[in-house]
Amino acid sequence: MDVLNQISQKIAQTIAEIYGVNEEVTLQPTRKDFEGDYTYVFFGLVKSLKKSPPEIGNALGTYLLENFEDFESYNVVQGFLNLKLKNSFWLAVFKNVISENIVMEIPENAPAVMVEYSSPNTNKPLHLGHLRNNFLGYSVSEILKAAGYNVTKACLVNDRGIHICKSMIAYSKFGNGETPESGGLKGDHLVGKYYVEFDKAYKAEINELIAKGVPEEEAKKKAPIMLEAQDLLVKWEQNDPETIDLWKKLNGWVYEGFGKTYKTIGVDFDKTYYESNTYLLGKDLVEEGLANGIFYKKEDNSVWIDLTEEGLDHKLVLRGDGTSVYITQDLGTTDLKFSDFHSEKSIWVVGNEQDYHFKVLFAIMKKLGRSYAEGCYHLSYGMVDLPSGKMKSREGTVVDADDLVAEMIETAAVSTKEKGKIDDFENDEAQNLFRMLALGALKYFLLKVEPKKRMLFNPEESIDFQGNTGPFIQYTHARIKSILRRANITENQTIEIAEGSILNKEELDLVFLLNQYNDIIQKAAEEYSPAIIANYVYDLAKTFNGFYAQHSVINETDESIKTLRLALVKKIAQTIKHGMGLLGIEVPEKM
RNA sequence: GGUCCCGUAGCUCAGCUGGAUAGAGCAACAGAUUUCUAAUCUGUGGGUCAUAGGUUCGAAUCCUAUCGGGAUCACCA
């Protein structure tokens, strides 16, 4: 039920009736320090009607009370009209809220949206930065689904290029045929190890050359191992069988490793693109742009676009030798994605260091007259910093995703066992709970912050289970489920609310929040912001805990109040579960 | 240097499509458990919303400038 709309309309009607003017009425929740549910700010009317605030406020309030039955009382403070709605009105809202199913069916013809995220390189394992990306992408996808879109989760794997060749060279030189099995290493970590080995060998060679009197710049270019890597890239592009075999072997290990990580962190994709299949795309778009006069050719045959009118620069779209650059591929891939799924909106979850790249990409698409250009959006997110500063792979300060998750699970296990509440759990049941709590803490920690903001990852705080954290919300859910178990309420049971029930202050607060949930989902979808969901669910859990401390459900002697509270807490549990689901976080029945 | 993003309590963050006395959590201190899970709840202290102007009845929020932090300005991806 759209409460805000209903009331706004009544106020607009009142203004038209009394003053004969049409006003757009927007409401806001009344501040806690004042009496009321919703507040209408009418300074605008004071000005245009040239009447005093009390005069207008009282006239509106009186009229509303006399002509509409939903209003209980009003008060006027300066230009603020605070309106209090009747308990019976909120009871009707509550009944409506519990009758609605949160999970809705997505119709076949719902608008299609593609969310591309994760998009890893296959030369090293995932780290903390990737986790923010994965959690964001997954969550935004779920939020868009909840808002009624037909979502395709896509992953573009960067499986080719010089960085993979580096791992390949190092592996063939120093690998001695090591396999994930023989080395006891996850595949992605194994390949990552040789990427590091390459860097070591490369640096040693540079130093050797410098010692021989070669200038540093030249040494970097001429180090033999680097030349070998570049040579390998050429061989790869020429489809050299031996090179392709090695490439396939290493990538296979990496995919196996990634697969395990994705499974643990609960992330998945509907469609995977591989850059090795798409890196040649885009050249026909360059031709098209040249034919249309959107691109121009320089003397050396390189192709450029002038984006100075868009506030950008001249940008290269094809090298003089006819080979692709990053943007060339992206032009082609974007076109391919659209022809595959015809998405109305297309979202790229990519770090903010690529802000410029996406501005250019979208500007070019627009110039090429692509209909979907308007629906393209770069969901840019800030870096994750450590208390010690930036994560730098060269300095070994990168937080590995697998290690981090394992540590979090261990911490969850220790603190859960301390509490002694799950002594009756079977072992795998307990393990599952530890995983749930660990990931809940981690995901919530990374998602509660607005995506575009740079954030600080403090390992100690992220494994905190108190206050504004995932486990706090998970705990609240478990508490409610415990009540429902005791009351023998099952998931599908409908609970009838008695006519004329009266909601107390704490119950009203909860109904007020529950009624907002649909709007919150829409807002989060419009802004591509899981943080909005996180803050809402936290608020709901916190408000419930306040209620819980003051009122008993099970021990309430008045049966009609008890029933009402059972329905209320059941709905809260469902909403928490659903909201956390949108963040990719599971909630336990018991903890 | 050009462009873009950020700056709110000791720390981590909400609030930013202009509204009332700027909110949470952590940390500190004081309380609450014979009663549905205390991973909880209640209370106390803590702020020149980076700075300076401007617009407005009203600015953390919009505009301008300055300062501080970051990103980017590759024929790398």
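Numbers restart at 1 for each chain; the letters A, B, ... are given by sequence-line order, proteins then strands. Keep in mind that what you see is a predicted model, and the values were worked out from it rather than measured.
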Quick one: which of B/C26, B/A38, B/A14 gets closest to the side chain of A/Q466? B/C26
With stacking defined as ring centroids separated by under 5.5 Å and planes differing by under 30°, is A/F80 stacked against B/A20? yes
Here the distance between atom P of B/A14 and atom CD1 of A/I533, to the nearest Å, is 15 Å
Using a 4.0 Å heavy-atom cut-off, does A/N458 contact any base of the nucleic acid, only the sugar-phosphate backbone, or nothing at all? nothing
Would you indicate, yes or no, if B/A24 has its OP1 or OP2 atom less than 4.0 angstrom from a side-chain nitrogen or oxygen of A/K448? no
From the set B/C75, B/U37, B/A39, return the single nucleotide nearest to any side-chain atom of A/F465. B/A39
With sugar-phosphate meaning primed atoms plus P, OP1 and OP2, does A/L437 contact a base, only sugar-phosphate, or nothing at under 4.0 Å between heavy atoms? base
Can you check whether A/W348 and A/Y528 have ring centres sitting under 6.0 Å from each other? no
Base, sugar-phosphate alone, or nothing: which one does A/K590 contact when heavy atoms must sit under 4.0 Å apart? base
Whole-Å distance between B/C76 P and A/L233 CG? 11 Å
To the nearest Å, how far apart are A/M580 CE and B/A39 C1'? 13 Å
Compare the minimum distances between each of B/C6, B/A24, B/U37 and the side chain of A/R485, then state the nucleotide with the smallest one. B/U37
When only distance counts, do a donor and an acceptor, one from the side chain of A/N352 and one from the base of B/C4, lie under 3.5 Å apart? no
Can a side chain N or O of A/R31 be found less than 4.0 Å away from OP1 or OP2 on B/A20? yes
Side-chain N,O (A/K542) to OP1/OP2 (B/C41) below 4.0 Å: no
Would you please say whether a donor-acceptor pair under 3.5 Å links the side chains of A/E116 and A/S119? yes
A/K562 vs B/C36: side-chain N/O to OP1/OP2 distance below 4.0 Å: no
If you check every side-chain atom of A/R319, which of B/G7, B/C76, B/C41 has the closest atom? B/C76
Reckon A/Y538 touches a base, only the sugar-phosphate, or nothing at all at heavy-atom distances under 4.0 Å? sugar-phosphate
So which nucleotide does B/U17 pair with, by the Watson-Crick or G-U wobble rule with both distances under 3.5 Å? none
Counter-base of B/C26, judged by Watson-Crick or G-U geometry with both distances under 3.5 Å: B/G10
Nearest to the A/L456 side chain among B/A20, B/A39, B/C13, which nucleotide is it? B/C13
Nearest-nucleotide check on RNA chain B, A/E450 vs A/V41; residue mapping nearer the 5' end is A/E450
Ring centre gap for A/Y326 and A/H357 strictly below 6.0 Å: yes
Atom NZ of A/K570 and atom P of B/C36: how far apart are they, to the nearest Å? 23 Å
Rounded to the nearest angstrom, tell me the gap between atom NZ in A/K453 and atom C1' in B/A71. 17 Å
Examine A/R132 relative to A/Y381 and say whether NZ or CZ is less than 6.0 Å from the centre of the six-membered ring and inside a 45° cone about the ring axis. no
Using the benzene-type ring in the case of Trp, are the ring centres of A/F472 and A/Y538 under 6.0 Å apart? yes
Touch class at under 4.0 angstrom, heavy-atom based, for A/F472 against every strand present: sugar-phosphate
What's the closest nucleotide to the A/W304 side chain, out of B/C6, B/C75, B/U35? B/C75
Tell me what A/V553 touches on the nucleic acid: a base, only sugar-phosphate, or nothing, going by heavy atoms under 4.0 Å. base
Closer than 4.0 Å, any side-chain N/O of A/K47 to the OP1 or OP2 of B/C57? yes
How many whole angstroms separate atom NZ of A/K390 from atom C1' of B/G69? 12 Å
Please report the distance separating the C1' of B/G70 from the corresponding atom of B/C36, rounded so that it comes out in whole Å. 50 Å
Separation of B/A77 C1' from A/Y274 OH (nearest whole Å): 19 Å
Base of B/A39, side chain of A/T476 - is there a donor-acceptor contact under 3.5 Å? no
Cationic tip of A/K298 within the cone over A/W304's six-membered ring, i.e. under 6.0 Å and within 45° of the normal? yes
Searching all strands shown, indicate the nucleotide that pairs with B/A32 (Watson-Crick or G-U wobble; both distances under 3.5 Å). B/U40
Quick check for you: among B/C36, B/C4, B/A71, whose closest atom lies nearest to any side-chain atom of A/E353? B/A71
With a 4.0 Å cut-off on heavy atoms, is A/V325 in touch with a base, just the backbone sugar-phosphate, or nothing at all? sugar-phosphate
For B/A24 versus B/C67, give the span between their P atoms, rounded off to a whole number of Å. 36 Å
May I ask you to say what A/H551 touches in the nucleic acid, namely base, sugar-phosphate or nothing, with a heavy-atom cut-off under 4.0 Å? base
Picking from B/U72, B/U37, B/C6, the nucleotide nearest the side-chain atoms of A/Y356 would be B/U72
Give a yes or no on whether the ring-centroid distance for A/F445 and A/F457 is below 6.0 angstrom. yes
When all nucleic acid strands are considered with a 4.0 Å heavy-atom cut-off, which category describes A/E275: base, sugar-phosphate, or nothing? sugar-phosphate
Counting any heavy atom closer than 4.0 Å, what does A/N82 reach on the DNA or RNA strands: base, sugar-phosphate only, or nothing? base
Before we go on, tell me: are the rings of A/F80 and A/F43 under 6.0 Å apart, centre to centre? yes
With heavy atoms under 4.0 Å as the rule, sort A/Q474 into base, sugar-phosphate or nothing. nothing
Any base atoms under 4.0 Å from A/Q78, or only sugar-phosphate, or nothing? Heavy atoms, all strands. nothing
Report yes or no: is the ring centroid of A/Y548 under 5.5 Å from the six-membered base ring centroid of B/U40, with the two planes under 30 degrees? no
Show your working on salt bridge (charged side-chain N to carboxylate O under 4.0 Å, His left out) between A/D321 and A/R319 and close with a plain yes or no. CA-CA 5 Å; A/D321 62 5; A/R319 292 193 187 103; 5.2 Å; no
By the 4.0 Å heavy-atom rule, please label A/K421 as base, sugar-phosphate, or nothing. base
Check this one for me: any side-chain N or O of A/S482 less than 4.0 Å away from OP1 or OP2 of B/U37? yes
With respect to the side chain of A/M383, which nucleotide from B/A71, B/A20, B/C6 is positioned closest? B/A71
What is the base-pairing partner of B/A50, counting Watson-Crick and G-U wobble geometry with both distances under 3.5 Å? B/U66
OP1 or OP2 of B/A77 under 4.0 Å from side-chain N/O of A/Y326: no
Side-chain H-bond candidate by donor/acceptor type, A/H551 with A/E556, under 3.5 Å: no
Considering only the C1' atoms, how many Å lie between B/U64 and B/A28, rounded to the nearest integer? 42 Å
By a 5.5 angstrom centroid cut-off and a 30 degree plane limit, is there stacking between A/F43 and B/G19? yes
A/T39 near the nucleic acid: base, sugar-phosphate alone, or nothing, with a heavy-atom cut-off under 4.0 Å? base
Counting Watson-Crick and G-U wobble pairs only, both distances under 3.5 Å, name the nucleotide matched with B/U3, or none. B/A71
I want to check one thing: is the phosphate of B/U37, taken as OP1 and OP2, less than 4.0 Å away from some side-chain N or O of A/R486? yes
Nucleotide nearest A/Q329 when distance is taken to its side chain, options B/C41, B/A77, B/C36: B/A77
Measure from CE on A/M591 to P on B/A38 and round the result to the nearest Å. 12 Å
